[in-house]
Novice: 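Provided herewith is a single structure, encoded as structure tokens, for subsequent inquiry.
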Amino acid sequence: MPDVLGIWNDPGDVAEAVTRLRGRGYTDLETYSPAPFTEVDDAAIEKPSRVRLFTLIGGLTGVVTGYAMTIWMANDWQIMLGGKPFSSIPPYTIIAFELTILFGGLMTLIGLLVFGRLPSTKIDPAYSARFSAEEFGVRVRCRERDVAEVEALMRGHHAKEVSLVGA
Amino acid sequence: MFLACLLVALAGGAVGLAALLPDRADADETLVAASVCEAHELRARQAEDPSLQIQIPPEFDSPWPTRAACLSHAAAMDESTPGPIQPIQFSHKHHAGLYQIDCQYCHSGTDRSPVAGVPSVELCMGCHKQFPPTYDELEGIRTLKDHWKLQTPVEWVQIHRLPEYVQFQHQAHVRKGIACQSCHGKVEEMDKVYLVPDTKWWPWLLPTQKLEMGWCIQCHRANGASQDCVTCHY
Amino acid sequence: MAELDRRDFLKLVSVSAGGAAAAGCSDHVEKLIPYVVQPEEIIPGKAIQYASTCLECPAACGLHVRTREGRPIKLEGNPEHPVNRGALCALGQASIGRTYHPDRYAKPRLRGAGGAYEEIGWDKATALLAEKLGAAGGRVRALTGELGPTLGSLFDRFLAAAGSSGGRLHYEPFGYEALREASRAVFGAGVRPIFDLEGADFVIDFGADSLETWLSPVEHARQIESAREVTSAEGREARLIYVGPRLSMTAGNADEWLPAKPGSEGILALAIARVAFDAVRSAGRPVGGDPGLLEGILAGFDAESVASRSGVPAETILRIGRAIAQAKRPAALPPGVALTSRRATATTAAVLILDAVVGAIGTTVLLPAEAAAAPEPASFREILKLVDAMASGQVAVLMLGGVNPVHSLPPGAGFADALAKVDFVVSFASLPDETSERAHLILPDHTPLESWGDAAPQPGVRSLVQPSVRPLFDTQALGDSLLQVGRAMGDSVAAQLPAGSFRSLVEAAWSGTDFRAALIRGGVFEAAPRGGALPVAASAARIEFKLPQFEEAGPYLVLPVPSPLLHDGRGANLSWLQETPDPVTKVAWQSWAEISHETAKALGVERGDVVAVETGFGRLELPALPRGGIRDEVIAIAIGQGHTVGHYASHDAEGRAGEARGVNVIALLPPLTDESGGRAWLTARAKVTATGAHARIAQLQFTDNQRKRQLAESVSLAALAAGDGAAHGEAHGGEHGSHEIRRPYDPVNDAVPESPYRWGMAIDLDRCTGCSACVVACSIENNVPQVGEEWVLRGRQMPWIRIERYLGDGEADLENGRRRPEDREKLGDVDVRHSPMMCQHCGAAPCEPVCPVLATYHTPEGLNGMIYNRCIGTRYCSNNCPYKVRRFNFFDYQIESWPEPMRLMLNPDVTVRGQGVMEKCTYCVQRIETARQDAKNAGHPIADGAITPACVQTCPTHALQFGNLKDPQSGVNQRIEGNPKRAYHALHVLNTRPGSTYLAKVSRGAEPEEGGHS
Amino acid sequence: MTPPPAESVAAMIRPVPRAPDSKVNRDLLAVMEGASLGYWALLGLSVAFVGLAGGIWIYQVYKGLGIAGYIHPVFWGAYIVTFVFWVGIAHAGTLISAILFLFRAKWRNAINRSAEAMTVIAVLTAAQFLGIHVGRIWKSYFILPYPNQRGLWVNFKSPLLWDTFAITTYATTSIVFLYVGLIPDLAIARDRAVGWRKLLYSVLSLGWQGTSRQWKSHNRSVLHLSGLATPLVLSVHSVVSWDFAVSIVPGWHATIFAPYFVAGAIFSGFAMVLTMMIPVRRIYGLEGYITNYHFENMSRFILLTSIIVAYAYGAEYFMAWYSGVESEQTAFYRRAFGPYWISTWTMILCNGVFPQLLWFKKLRTNVPFLFVLSVLINIGMWFERYVIIITGLSSEYDPAAWGIYTPSWYELGIVAGSFAFFAHLFLIFLKIFPVVAIAEVKEIAIHERSHAHAGEH
């Protein structure tokens, strides 16, 4: 099936075009933008990213590890220090806190990689260096006979160029 | 483990002695012993193979040194077995094992002092000067007697060594009835003493080797002994 | 001690090599080297003690030499010995270092043609000396130190046999010849009196350094301080008054200090005597002599006239006179070295007359029978005679043993030049010094730890010297050298000498006694009276009491002060004594000139500015140390430094050998004697000028102002006497008492409940004199490195105890000590607090929680444990220690600090710390563990007193006590409970719950009846 | 609809024309290209200093810490001072990236990248001092709670353990933060680079294409990381301050320390950003992106934090006086008028007084002035730590054990080396990574453009 690629300069137009295209049932589409534009991204995918889940898990693991490790280690071999209790929570809270941040941060990175499909070895043929300049692109995969309609839709939303990629 | 080393020792001893023997060119030649130890060896061979013709010169026809002594002596200088070669081919197996001499007879003070102590040349000679001169064919015995004659000390190689920041108390352990073997291994079965490897495992699946701190601590924990740091470190 | 001879030292060395070996060499092959023949009394790993005698000074304290595998590792006092009763001074503690000293002569040495020494064999050396003696034709003289009866008499017999004319002179730099001559003049008895201060309730010290170097300092310190024990009513009555121009260590421990004009002590004593005389008479008590005679002597010395001449107010004289007259066991002590002027005999006589008037003769001041008296050193006049003889070539062979006259005689005496005129000089020194280095032949003697011998310091005390180690080097006992030389000189001489070895000679000399018992006890001690009383003789009337003359070269009177640590300089080559700061000025490794602030202003110098001190006899340059506690016209310089020979005595800050360390004040003094031929020290006035140069002073204490922080407290008698209802807080007395001493916490709970022990210490500031013996004892027991002047200057000293010296409660004001160390001393103010500061073993120790790796922690028995091999050296524990008692190994001190063969004296029970780890006082945990094992083996709990840390063991005044705080009956608890008003914890406000409890110093008034004044 | 005629479709098939690159890319990527002689000289110099310091450090490990100027009882010195200094510097980066991000302060975009880079480099620099100042570095692994044959753990009650964890976390998180932000820019570089750079950026950019999915996760990650980094940045310097605050040392033991140190850290961090960015902007002609408006905003922050710091100074003295605790009072009196008065007054002038000039807009926008001021502030902040640490230790509770510390030349050499270390890493960073966040700059640029465009309609 051919890939139709439209090129825009304005994120607003892209957003409309994408909404329209998806409304027409062209759900197999991909957008390329030089910078994050929520209007475009939300038009393409409604659901918010699930990275948040990873962060949460990471954080919780951290806090549990923090307290568990400190308290267990202090009691595995009890050593008196300045007459302080073996399981003294306030100092251990600091450790727990730091681990929360540490694990949360790492899990967030992993989340980014998972949901951003990264790292990916192959570059989409539709992608080009102009999208890392200041232009926007929308690639729609459609049946041969729908190509014209897609093109029309794109041009209708001020696409400055429309082309077929890797037919 | 220990059996293996015992066999090695025996074999080593046998080999060592066999090497001394004139090799048998043809069957009907009689083998002549050149030492008491050889005599023991020849008798042993003849027991296996009665056809063997042996001749024991009268000066070598003596029970002393015993065959066990000969074998232990040979095993104690066998480099193929673990453990360093000591200046004297002294066999704990022979003394503590075969003759059942109590550890503290030689390592006296072990129950009164932090250190076990190594017997003086005088103590060795106490017994050995009573032994028949035929023993002198053993190199170890000759070395010992030289030291006694020249009044020079024997420089033994230390095997069970703790770092100097560890203050170990032999007396405490001996008096509590901890067997010497639990740290030193079954020395009464060794011709040549060596550090018997021993590994204990922490619950978190980490090994700790013999004479390492964790190794001591596990025993201390098991026996409810002190886990206070200054018990050993000061 | 037959075993001793069979003990082969070198074989022992490596037995415990493991213990003493440098850290971090655990993987190389270690050899186990047992004995060839194991002496039956030796159990490897167990310490053995041999009783012997300390020969550092004529006091001759009893020793217990603690040995491990045949190596002495520590000296401790012999508890049975009547002189020191188990204690030792700093010098005695450090003297173990002589045996292992890197400087030691390993073989006999002969000076070659070029002046360089070559090592020769004993046979050759003996033959050579024999030949020289034979050729000398009687022109043989000997100059020796105190040798003890047996060796002394052998030496004399030898000289007689060798046909010596004049024989041997016994030379003691601190000879106190005036004592003997004065008692001859006053009592007609030519013996040196013995001062027995046991229970003395009123001691007035006319410049005798009775707590430092004078006669028998350990004994006197014990007697004086135990007489002043405040738990007893008599103790509270007892007083110590010091007369002298400078706030010395002794003065600092007195209840009153009279900074009289130096030289006026004699007339002051007479003035006091006169007041006392009237009081005693009116009380109808005897006055120790013919009243008429005494009245005549005292006639000219009324309080008013003396007051103007001595600078002591008349009312003070009257007050003291009345007080001493009322005292039950008074004692007046004549001047020590610093104040022996050219009128020393008269001054001493005056003090003895005071003693006689108040009835001290026969009670505290004993006159022994001539026969029983200890051997007296030759008078200075005789020494000078010998020098003349040498200079005029009348001496062919001079034998030197145990003396260093080149250093200790004034250059004006010309000893060095005279020595050059002697054909053949032989020295028996075992360590090189300025004198032995000038000898032609050196026959190295054993050190006392290697020798046989004996001493008779007092009537009834026969003290034995026995070897505790096989000689380290190819040396020979002096006695044996003499015997062999004698035999080499031919039968005629040999016939006059005893047969056998010197050891057999000693045994023969002791044949009358149970020798075995003597070997075990350390001697024979009889409780017989050491001396009696005599009335003042008519000859006393002929003494003329005048103020002494001085060699005028300037306005400042040179006060040569015996160093409490280095003594006359014999201690200078022992690193511990160099690195332990002077108890008064806290200066280590250096010489300094004490001047008053007024003088400093007049000279325009500040602390550390180098001044030139010039008398008609010499010129010295040294840094000035202005202080309040010294009279304006006096410049005080400690005796003992200024050596040019010796590993520790001579190296300068940069470590260059052969450079003099500090200055030798004796170089300023003229070779003058007092009226009766005794040596005079206080003889010259000097011109002092600023040189413009500046030197860094290695002063280890920043300030003596404790800023009212609860560090070294004091309590007035009045407050102590107040009823039990008095709150702890009120117990603080004196006008300083603006804050309260807080009751100590109960530290018992700072050990785990199951533990039967909570170790703790009591530190009695009222008994601590600041003598610093504990510092040296601790350093030797615990292998504490001595880092040297260069690093002390940079604050890297390592001692686990320091003696802090504070004046009064201090001021909290901020201006003081802002930039440079401050000094709060004032003339006449004696509120000096000596406070030993070591790890307090806190229950709530601030150092413990901050260590990231658990290297320091709290043991179940309440100790503050320090695990060297776990320490990574973050040094946070030290930052967080309010007492600042932790020391850090900035370098690997093992090599520099213990040059061969000194490493042989390392204590194998204590880990030698490597580079980069923290260390601190452990309450001598190794002794605790040893005691624990012994108790276990014996099957009973650790008994009270079974553990004595090194500092506690050596304290001459028993100021320290260690024990189990959980045991209410333990000595330490009794001590604390017995002094409820004095007990406190240092820096109480920080709530560190220390295990060490201090007992506040007691500020007594000058007079028994009034209290609360300080 | 009817299918289009085939030829039209055929006509459509033509290669996509190579689009002209955007100005933003060219300007900002230009920074990474080529290197002037000056650059190499600077780099060489800093590397040389790093080498020197390394040599000193090896000698110190061999000989012992004694070569430093420590004197009983001052057992912490220039090393810890410099450690705290660098941790402080590290704070601006995270603050600008994270907190300003959360507050949607768009002006941060131009400077956040360099600030983040600074953070990472500064933390790495700081972390080394933990190792440099311990007595037995070869045993310093004892501080890690790793399972070992001894069965012995570590003391989590010790502030030094807190430090270890805080610094590790901070380093890791900042690196993650920096990297996540870099990915799109690396893709931009990838699309334009050739040779080894092409390879490098292809690997590092993980095949980023700027699809919606990627941008969505990216935005979310940045948001979360900011959310995590904000409390982290506050915690790290609080923890560092507790090294002192939880001890009993007079002059250290104060509750104000945490906020005091955090403010000080931001203060010094911003100053360091200015010190670094003013020359960079000048040399690479980035005036269009890093405008005076940015500098002015940073000056405002500096002014604010300077006031907080100055207040803290005052508060310390007030508390010392008001507490009536003599040891505190003495410590603070000696701090101002004792042996260390020079350091103290340097600190007060540089951190408390000079920054007040920023009240004037003229000076806020005067770049040379800002540069000088920022350098002064850095000096002042180093002395602040010096004053706190050294004066605190030099006169504690026991007057008999007071001591006066002066750093030795060895110490100063290592301190200098740490600045060189920081500099050489930053220089290398300049040439490898985009020093301004290109994508974020574009985001704004394109928005403006499209609004303008919308205006035309």
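In this text, all values refer to a predicted model and were calculated from it rather than measured experimentally.
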Novice: Quick check on D:His253: does its NE2 atom have over 12 non-hydrogen neighbours (other residues, nucleotides or ligands) under 6.0 Å away?
Specialist: no
Novice: Which atoms of A:Phe136 come close to chain D, meaning under 4.5 Å heavy atom to heavy atom: side chain ones, backbone ones, both, or neither?
Specialist: side chain
Novice: D:Ala166, D:Ala189, D:Ala229: which one forms the most heavy-atom pairs within less than 4.5 Å of chain A?
Specialist: D:Ala166
Novice: Looking at CZ of D:Phe156 and OG of A:Ser88, how far apart are the two atoms once the value is rounded to the nearest 0.5 Å?
Specialist: 11.5 Å
Novice: Can you check whether A:Ser33's main-chain N or O pairs, donor with acceptor, with D:Trp215's side chain at less than 3.5 Å?
Specialist: yes
Novice: Work out which heavy atom in A:Pro11 is nearest to a heavy atom in D:Ile446; give both atom names and the distance.
Specialist: CD-CG2, 3.7 Å
Novice: Please rank A:Asp42, A:Thr121, A:Leu113 by heavy-atom pairs under 4.5 Å with chain D and give me the top one.
Specialist: A:Asp42
Novice: Which atom names give the shortest non-hydrogen contact between A:Ala35 and D:Ala439, and what distance separates them?
Specialist: CB-O, 3.4 Å
Novice: Should A:Ser120 and D:Gln209 be marked as a side chain to side chain contact (heavy atoms under 4.5 Å, CB included) after you check the CA-CA gap, both sets of side-chain angles, and the distance that decides it?
Specialist: CA-CA 10 Å; A:Ser120 74; D:Gln209 299 175 35; 4.2 Å; yes
Novice: Would D:Lys23 and A:Glu134 count as a salt bridge (charged side-chain N to carboxylate O under 4.0 Å, His left out) if you check the C-alpha gap in whole Å, the side-chain angles of each, and the deciding distance to 0.1 Å?
Specialist: CA-CA 9 Å; D:Lys23 179 171 182 311; A:Glu134 294 189 359; over 6 Å; no
Novice: Working to the nearest 0.5 angstrom, can you tell me the gap between A:Ile94 CD1 and D:Phe165 CZ?
Specialist: 11.5 Å
Novice: Between A:Phe103 and chain D, with a heavy-atom cut-off of 4.5 Å, which part of the residue counts as in contact: side chain, backbone, both or neither?
Specialist: neither
Novice: Identify the heavy atoms of D:Trp153 and A:Asp76 that sit nearest to each other, and give their distance.
Specialist: NE1-OD2, 2.8 Å
Novice: Highest number of heavy-atom pairs under 4.5 Å with chain A: which of D:Lys216, D:Gln214, D:Glu443?
Specialist: D:Lys216
Novice: Please classify the contact of A:Trp72 with chain D as side chain, backbone, both or neither, using a heavy-atom distance under 4.5 Å.
Specialist: side chain
Novice: To check you understand the geometry: which heavy-atom pair defines the closest contact between D:Ser217 and A:Gly116, and what is its length?
Specialist: OG-N, 3.7 Å
Novice: Using every non-hydrogen atom in the two residues, find where A:Gly105 and D:Val176 come nearest and quote the distance to one decimal.
Specialist: O-CG1, 4.3 Å
Novice: Strictly by modelled atom types, are A:Glu30 and D:Ser212 linked by a side-chain donor-acceptor pair under 3.5 Å?
Specialist: no
Novice: Do A:Leu109 and D:Ser221 have side-chain heavy atoms sitting under 4.5 Å apart?
Specialist: no
Novice: So A:Tyr92 and D:Lys157, side chain to side chain contact (heavy atoms under 4.5 Å, CB included) or not? Walk me through it.
Specialist: CA-CA 7 Å; A:Tyr92 298 170; D:Lys157 298 183 186 84; 3.6 Å; yes
Novice: Measure D:Pro159 against the heavy atoms of chain A and call it side chain, backbone, both or neither at under 4.5 Å.
Specialist: neither
Novice: So for A:Ile123, is it side chain, backbone, both, or neither that comes closer than 4.5 Å to the heavy atoms of chain D?
Specialist: both
Novice: Is chain D contacted by the side chain of A:Phe37, its backbone, both, or neither, given a heavy-atom distance below 4.5 Å?
Specialist: side chain
Novice: State the CZ-OG distance between D:Arg192 and A:Ser132, to the nearest 0.5 angstrom.
Specialist: 3.5 Å
Novice: So which residue, D:Val236, D:Ile188, D:Leu223, D:Val203, ends up with the most heavy-atom pairs under 4.5 Å with chain A?
Specialist: D:Ile188
Novice: Do you see a donor-acceptor pair shorter than 3.5 Å between the side chains of A:Thr108 and D:His224?
Specialist: no
Novice: Between atom CG of D:Leu206 and atom CG of A:Leu118, what is the distance when rounded to the nearest 0.5 Å?
Specialist: 5.5 Å
Novice: Heavy-atom distance under 4.5 Å to chain D: side chain of A:Lys47, backbone, both or neither?
Specialist: backbone
Novice: What residue in D:Ser235, D:Ser202, D:Gly227 has the most heavy-atom pairs under 4.5 Å with chain A?
Specialist: D:Ser235
Novice: Can you establish whether the number of heavy atoms outside D:Arg150 located under 6.0 Å from its atom CZ is more than 12?
Specialist: yes
Novice: When you compare the side chain of D:His218 with that of A:Pro36, does any pair of heavy atoms fall below 4.5 Å?
Specialist: no
Novice: Between A:Met73 and D:Pro145, what is the shortest heavy-atom contact and its length?
Specialist: CE-O, 3.5 Å
Novice: Would you mind checking which part of D:Ile438 comes under 4.5 Å of any heavy atom in chain A, side chain (CB onward), backbone (N, CA, C, O), both or neither?
Specialist: neither
Novice: What distance separates A:Ile79 CD1 from D:Asn155 CG, expressed to the nearest 0.5 Å?
Specialist: 9.0 Å
Novice: Is A:Tyr127 close to chain D through its backbone or its side chain, or both, or neither, when contacts mean heavy atoms under 4.5 Å?
Specialist: side chain
Novice: Start with the C-alpha gap between D:Arg449 and A:Asp10, add the side-chain angles, then the distance that decides, and say whether side chain to side chain contact (heavy atoms under 4.5 Å, CB included) holds.
Specialist: CA-CA 8 Å; D:Arg449 191 181 61 209; A:Asp10 183 286; over 6 Å; no
Novice: Heavy-atom pairs under 4.5 Å with chain D are the metric here; pick the option from A:Val40, A:Asn9, A:Val18 that has the most.
Specialist: A:Asn9
Novice: Against chain A, label D:Asp185 side chain, backbone, both or neither, depending on which of its atoms sit under 4.5 Å from a heavy atom there.
Specialist: neither
Novice: With a 4.5 angstrom heavy-atom cut-off, which part of D:Thr211 approaches chain A: side chain, backbone, both or neither?
Specialist: both
Novice: Look at A:Ala44, A:Gly104, A:Pro34 and state which one has the largest set of heavy-atom pairs under 4.5 Å with chain D.
Specialist: A:Pro34
Novice: How many angstroms lie between atom OH of D:Tyr179 and atom CG of A:Leu112, to the nearest 0.5 angstrom?
Specialist: 9.0 Å
